[in-house]
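Here the structure comes first, spelled out in structure tokens, and everything after it is commentary.
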Amino acid sequence: GEDVEQSLFLSVREGDSSVINCTYTDSSSTYLYWYKQEPGAGLQLLTYIFSNMDMKQDQRLTVLLNKKDKHLSLRIADTQTGDSAIYFCAERGHNQGGKLIFGQGTELSVKP
Amino acid sequence: EPEVTQTPSHQVTQMGQEVILRCVPISNHLYFYWYRQILGQKVEFLVSFYNNEISEKSEIFDDQFSVERPDGSNFTLKIRSTKLEDSAMYFCASSEETGGRYFGPGTRLLVL
């Protein structure tokens with residue numbers, strides 16, 4: 001079945017770049033998403049990429065997609081302490097309105 | 001900026017009781033969803049709803065669960081007879097036909 005995997009933890013220093021990685025198995029994925037979850041809060045949509053794109057940049061966030069390897073990454077430039085949170089990647093198949101399959105989340109810790 | 005809202009933010013109930021979780025999706029969205037996140041686990045899909053009917057549901061979404069869009073703005077999830085294992089954070093989400101899935105802040109359900 002479909003699966004999405006992420007490493008569980010990442011620790012960086014304030015001002016450095018963070019790169020959070022994700023792999024997925026569904027070759028029919030059409031959209032891939034990144035969400036941020038702060039403690040006790042909901043899922044904030046950060047960005048998403050359509051599967052015919054290789055890269056998407058939005059201010060400090062850069063998403064890279066390697067469709068051949070089914071690998072997605074989120075780079076956060078100039079990481080700040082406020083970026084500390086759990087980051088989830090999710091993929092959606094080709095059905096409009098189809099379910100999202102989530103990874104287990106990467107906990108990003110930013111040290112001053 | 002439009003957002004998905006959910007009520008209540010927290011609900012405590014006794015095992016066997018019925019609960020109704022409420023959501024107001026973003027107004028021009030067409031697809032509506034419920035997901036849940038058991039503490040420490042992945043975010044799991046429960047059900048999607050489009051054009052006044054269920055379009056997809058997971059194996060978790062058994063006969064104890066139901067969804068309804070009683071009017072033009074609300075979207076509800078009912079659990080008829082709650083079990084201890086239903087304790088989780090329940091997220092409502094909505095989307096247009098393509099693009100981002102926007103999640104609400106969640107309802108934390110605790111079944112005692």
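Remember, predicted model here, so these are calculated numbers, not experimental data. Chain A is the first sequence line, chain B the second, and so forth, proteins listed ahead of strands; every chain is numbered from 1. Just the heavy atoms: all of them, side chains too, but no hydrogens, waters or symmetry mates, feed the values below.
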Ring centroids only, cut at 6.0 angstrom: are B/Tyr35 and B/Phe103 within range, meaning strictly under it?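 Centroid separation for B/Tyr35 and B/Phe103: below 6.0 Å.
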Does the separation of the ring centres of B/Phe75 and B/Phe49 fall below 6.0 angstrom?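 Here the rings of B/Phe49 and B/Phe75 have centres that are less than 6.0 Å from each other.
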Any chance you could lay out the salt bridge (charged side-chain N to carboxylate O under 4.0 Å, His left out) test for A/Arg60 and A/Asp83, step after step, and finish with the verdict? CA-CA 11 Å; A/Arg60 290 192 297 123; A/Asp83 295 324; 2.9 Å; yes
Pick one of side chain, backbone, both or neither for A/Gln37, based on which atoms fall under 4.5 Å of a heavy atom in chain B.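 Contact with chain B is through the side chain of A/Gln37 alone.
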Side chain / backbone / both / neither for A/Tyr35 at chain B, heavy atoms under 4.5 Å: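 Only the side chain of A/Tyr35 comes within 4.5 Å of chain B.
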On the 0 to 90° scale, with breaks at 30° and 60°, tag the B/Tyr102-B/His29 ring pair as parallel, tilted or perpendicular.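 It falls in the tilted class, 30° to 60°.
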Please rank B/Gly100, B/Gly106, B/Ser95, B/Gly104 by heavy-atom pairs under 4.5 Å with chain A and give me the top one.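 If we count pairs closer than 4.5 Å to chain A, B/Gly100 comes out on top.
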Would you mind telling me which of B/Lys42, B/Gln6, B/Arg101, B/Glu44 has the largest number of heavy-atom pairs within less than 4.5 Å of chain A?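 Greatest number of close heavy-atom pairs with chain A: B/Arg101.
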Which atoms of [X] approach chain A - backbone, side chain, both or neither, heavy atom under 4.5 Å:
X       : value
B/Gln37 : side chain
B/Tyr31 : side chain
B/Tyr33 : side chain

Relative to chain B, which of A/Thr47, A/Leu45, A/Ile86, A/Ile101 shows the most heavy atom pairs under 4.5 Å?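 If we count pairs closer than 4.5 Å to chain B, A/Leu45 comes out on top.
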In terms of hydrophobic clustering (I, L, V, M, F, W, Y; side-chain heavy atoms under 4.5 Å; direct or indirect links), are B/Leu110 and B/Val19 co-clustered?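 No, it is not one cluster - the side chains of B/Leu110 and B/Val19 are not joined through contacts under 4.5 Å.
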Would A/Lys56 count as a cation-pi partner of A/Tyr48, with NZ or CZ less than 6.0 Å from the six-membered ring centre and within 45° of the ring normal?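 Positive - A/Lys56 is close enough to the ring of A/Tyr48 and near enough to its axis.
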